[in-house]
Amino acid sequence: MRFLSLESLPASSLLRVFCNAVIFFTLCQYNGAATTSLPFNETVPAVFIFGDSIVDPGNNNNNIKTVVKCNFPPYGKDFPGGYPTGRFSNGRVASDIIAEIFNVKKIVPAYLDPNLQLQDLLTGVSFASGGGGYDPLTAEFVSVLSLSDQLEMFREYKSKLKAAVGERSLEMMISKSIFIVCSGTNDIANTYFLGPFRRPHYDIQAYTDLMANSASDFLQGLYEEGGRRVGVVSLPPIGCVPSERTLNGDIFRHCSEPPNQAASLFNSKLSSLLDSFNSQFPQARLVYLDIYNPLLSIIQNPAHYGFEVATKGCCGTGNIEVSILCNSYTATTCSNASKYIFWDSYHPSQKAYEILTRLALHNKINKFF
Ligand SMILES: *[C@@H]1O[C@H](CO)[C@@H](O)[C@H](O)[C@H]1NC(C)=O
Ligand SMILES: *[C@@H]1O[C@H](CO)[C@@H](O)[C@H](O)[C@H]1NC(C)=O
C-alpha cells in the first residue's frame with residue numbers, strides 16, 4: 001500500500017503552514033460560506049472520517065486489490081466536474097456533507113489520494129473503505145481496509161503532520177476536530193446474512209455483541225490517538241435498501257425484516273456503548289447519530305422529502321446493481337437521480353445524503369462541544 005509522502009510536497013506549501021498554535025487555526029479555516037453557527041463560536045479545524053462506503057471518497061481506488069470499487073461512470077455523474085471519484089453515489093457522500101455542516105470544507109478527500117496537498121491534510125481526510133465493517137472478517141472477505149488498518153493510517157497521518165506543524169499544534173488541532181465513524185451495514189447485510197462463516201456460530205444477539213465489542217475497541221483506539229469529538233452513525237434500516245428488497249424481501253419487494261431487526265438491535269447496543277464511554281471518559285464527546293429513523297421516514301414518505309422513487313436505485317434496473325454491476329456498459333441510468341432516494345441498489349443518492357445527513361445532525365451539533 002502506498003501512502004502519501006509529505007517530503008514530496010513543495011516547500012512553499014510547507015512554508016505556508018509553518019504553524020504556531022495561534023495562527024494555525026486562522027490559516028486552516030474554511031473560506032467558503034459558513035452556514036452553521038457552532039456553540040461558543042468554535043471553529044472546527046478538521047474532520048477525520050472512518051468507516052465504509054457511506055463515507056469513502058475513493059480510498060479503494062488506490063492500490064487496493066478489491067472488486068469493491070466504483071471509480072467509473074455512471075458513478076460521480078453529478079459530482080462537481082461530473083467525473084467518478086470512487087464515491088459510491090452520483091455526487092457527494094455523507095462525509096463531504098458533514099464537513100460542510102461543520103464549516104470545514106465541501107469535499108473531504110481520500111487519505112490514499114496521491115494528489116493530496118498539505119492543506120487537504122490539515123483540514124481532514126477520510127480513511128474509510130467501501131465494503132468494510134466492525135467485524136474484521138467483513139473487510140477481509142473483500143480485501144479492503146479494516147477499521148484497524150484505518151486507525152493505523154491515522155497514526156501514520158499524525159506522524160507526518162507532526163513533522164510539518166509540530167506536536168503541540170497537531171494535538172490541539174486533533175482535540176478540536178470532528179471525528180465520524182460510520183460502519184456496520186456490511187457486517188449485517190453481507191457477512192452475517194449472506195456469508196457462510198458467522199451465522200452457523202452466532203445468533204443475532206451474539207453477532208451484534210461481536211460488532212459492538214469491535215466498535216468499542218475502535219473507539220478506545222481513537223480516544224488514545226486524541227479523538228475527543230466523535231460522531232458515531234447508527235445503522236440504517238438495512239432491509240429496506242433496494243437490493244435487500246430484491247434478495248430477501250417478499251414478491252412485492254417489501255422491506256426484509258430480519259436485517260432491520262438486527263440493525264435496531266445493534267443500534268441500541270451502540271447507543272448504550274456511547275453512553276458508558278462518555279461517563280468513563282469525561283473529556284470525550286461521543287455522539288450517537290441516528291440515521292435509522294430518518295431514512296425510514298424518507299423511504300415511507302418519499303414525496304414529503306421531494307422524492308419520486310423509494311424502492312429502486314437510479315442505476316440500471318435499480319433492483320440489484322451496485323459497484324461493478326453499475327457501470328456504463330451494462331446499466332442505463334435514470335436521467336435525474338434527485339428523484340431517487342437510492343443511487344444504486346445499496347447507496348443513497350446525493351440528494352438523499354444531503355437530507356439524511358442534516359436530519360442526523362439536527363439538534364446534535366451542541367453535543368460535540
Ligand atoms: C460569538 O461571537 C459573536 C460575534 O463576535 C459575539 O457577539 C458573541 O458574544 C460570541 N459568543 C460567545 C459565546 O462567545
Ligand atoms: C431533478 O429532479 C428534482 C426533484 O424532482 C428537480 O427539483 C430538478 O429540477 C430536476 N432537475 C432537472 C435537470 O430536471
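Sequence positions, counted from 1, serve as the residue numbers for this chain. All ligand and atom numbering here is 1-based and tracks the order in the structure.
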So, are E171 and K162 salt-bridged, with charged N and O less than 4.0 Å apart?
no
So that I can tick it off, tell me whether R87 and D96 are bridged by a salt bridge, with the cut-off set at under 4.0 angstrom between side-chain N and carboxylate O.
yes
Among all protein heavy atoms, pick out the one at the shortest distance from atom 1 (C) of ligand 2; state its residue, atom name and that distance to 0.1 Å.
N336 ND2, 1.4 Å
Could you tell me if K351 sits above the aromatic ring of F307, with its cationic atom closer than 6.0 Å to the ring centre and no more than 45 degrees from the axis?
yes
Does the protein place any heavy atom closer than 4.0 Å to atom 9 (O) of ligand 2?
no
Are side-chain N/O atoms of R253 and T246 paired as donor and acceptor at under 3.5 Å?
yes
Can you list the ligand 2 atoms lying under 4.0 Å from a non-hydrogen atom of K339?
2 (O), 5 (O)
Min N/O separation E308 to ligand 2 under 3.5 Å
no
Is atom 5 (O) of ligand 2 less than 4.0 angstrom from some protein heavy atom?
yes
Measure the distance from the SG of C315 to the SG of C334 and say whether it is below 2.5 Å.
no
